[in-house]
Amino acid sequence: MSKLQPVRGTRDLLPEDCRRHRAIGDTARAIAERYGFGEIVTPIFEFTEVFQRTLGETSDIVTKEMYTFPDRGGEMLTLRPENTAGVARAFISGGLGQMQPLKFFYAGPMFRHERPQKGRLRQFHQIGVELIGVPEPLGDVEVIALGAHILEVLGVLGKTTLEINTLGDAESRNAYRAALLEFLRARRDKLSAESQERLERNPMRVLDSKDEGDRRIVAEAPRNTDYLTPAAAEFFKRVTGGLEALGVRYQINPFLVRGLDYYCHSAFEFTTTELGAQSAVLAGGRYDGLIETMGGPPTPGVGWAAGIERLAMLIAEPAAPARPVAIVPIGPAAEAVALNLAHELRHAGVTVELGYRGNLSKRMKHADKVKARAAIIIGDDELAKNAVMLRDLDSGVQELIERARLIERLAPRT
RNA sequence: GCGAGCGUAGCUCAGCUGGUUAGAGCACCGGAUUGUGGAUCCGGGGGUCGUGGGUUCAAGUCCCAUCGCUCGCCCCA
């Protein structure tokens, strides 16, 4: 660290970046509120256990991607790699079980120790929702519809495809896993080296391998839909039926699996081809077993998370900030007046740019650079008349205005 | 953790097979313009050529190492 530099995989968000991030966070929050989701903010770090127990001891996130460190006193803490576990912990420790169903929206930074690449950082930001206490498939439908709605308003829905799959209930999942394992073991030699490893550790992972050879084999593998219990099949049918009723277009992807252990039934991903090697923009699923796994009462849940940086690469330029009015004083007497005038106008709701130095020409240049819509020029002549010269910087037309009438002229109408 | 590509000014880059004071555009600052911006013209500041070592009479250029960035694998938002 000889040069002062940001930690690998972290970024400074300059005002322009922040506007993009805020446009995403604000619209998502507003739409989520329309669906009855209220914002929750949980700490960005938790006891390591919170993530270890929920994400599964063998998941990649737990085994190699967590920022974990000892607190003074020796407790192990972890910077949150995702927020579902934190929300679930809040549900349990806050005794929120009395108020079900609960509908939460969140936005904030997450941390994963991965190799950075396009659409992937060590500190990144997510928005997400969690619907807790609703075992009905209607919950899945509403949560997915909310995600689609947000993407639509952000103008990126058309760039994505909703892929959906069902992992079924525990019984379905176990039956399918056994069948898949048998099928793959018989073809072990033909699988890629990586998939041979996946085979024992997490056979479902072989399904979404990028290797061509693997894909050919997988295409003939048993389908999960053939192993669903009647109840799980019915559940999935109601989810897809609900999406159809709402006109949310989807594509069933039998190979879609989720990395995290706590998912069941619905697994879904809004994917895009515009993010390099990354495809998921907004992804989630149902996690009925999670809260119980953490030591809480058996409580169903369904939710999703979306990467703000990834969305930021897809959305159009957000609306420009309000153009200011620039105050351009000429001479020391006028400067004193300018300061007061700026103060007054700002309190009246006007965005004001007060140049700090320079002659008339310099200040006008500055006004132009900050994209001012108008300049208020004050010199000795204007001072003598208790007026200002108001110049429209787009048209170049200027007129003398009494000071007393300036605010009514510039203040935003309400 | 693994693989590939790239590190020259604040930004984007040029610098031919190693050759003497390292360049351009944009940006920045000043002037033309001490009551008028956008355009144009003139001038200016700014670089230990990522870092360290090696080869050579001579290295931004070749070799090695190292650090960083980017993209990809794994995995994921």
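Letters A, B, ... mirror the listed sequences (proteins, then strands); counts begin at 1.
Looking at residues two or more places apart in sequence or on another chain, you find a side chain to side chain donor-acceptor pair (under 3.5 Å) between A/S266 and A/D140. Every residue two or more places apart in sequence or in another chain was checked for a ring pair (Phe, Tyr, Trp, His ring centres under 6.0 Å) with A/Y106, and none qualifies.
Residue whose closest nucleotide on RNA chain B sits further toward the 5' end, between A/A277 and A/F270: A/A277.
A/E335 has a carboxylate O that lies under 4.0 Å from a charged side-chain N of A/R363, or vice versa, which qualifies the two as a salt bridge.
Remark: the A/Q398 side chain and the B/G37 base include no donor-acceptor N/O pair separated by less than 3.5 Å. With hydrogens and angles ignored, no donor-acceptor pair closer than 3.5 Å exists between the side chain of A/R205 and the base of B/C74.
For the segment residues 311-332 of chain A, the set of residues with a heavy atom within less than 4.0 Å of an atom of RNA chain B comprises A/I330, in numerical order.
Summarising the geometry, the separation between CD on A/E335 and C1' on B/G35 is reported as 15 Å, rounded to the nearest angstrom. For the pair A/R115 CZ and B/G68 C1', the computed distance is 10 Å after rounding to whole Å.
Between B/G23 and B/U40, the two C1' atoms lie 24 Å apart (nearest whole Å). Nucleotides B/C64 and B/U21, compared at atom C1', are 31 Å apart to the nearest Å.
Residues A/Y176 and A/Y227 place their aromatic rings such that the two centres sit under 6.0 Å apart.
For B/U70, neither phosphate oxygen OP1 nor OP2 lies less than 4.0 angstrom from any side-chain nitrogen or oxygen of A/R8.
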Would you write the dot-bracket representation of RNA chain B, where each base gets (, ), [, ], | or . depending on whether it forms a Watson-Crick or G-U pair under 3.5 Å and with which partner?
-> (((((((..((((.....[...)))).(((((.......))))).....(((((..]....))))))))))))....

Detail all sub-3.5 Å separations between protein N/O atoms and N/O atoms belonging to nucleotides 26-30 of chain B.
residue	atom	partner	partner atom	Å
B/C28	OP1	A/K369	NZ	3.4

Which letter, B, S or -, goes with each nucleotide of nucleotides 39-47 of chain B from 5' to 3', with contact meaning a protein heavy atom under 4.0 Å?
-> ---------

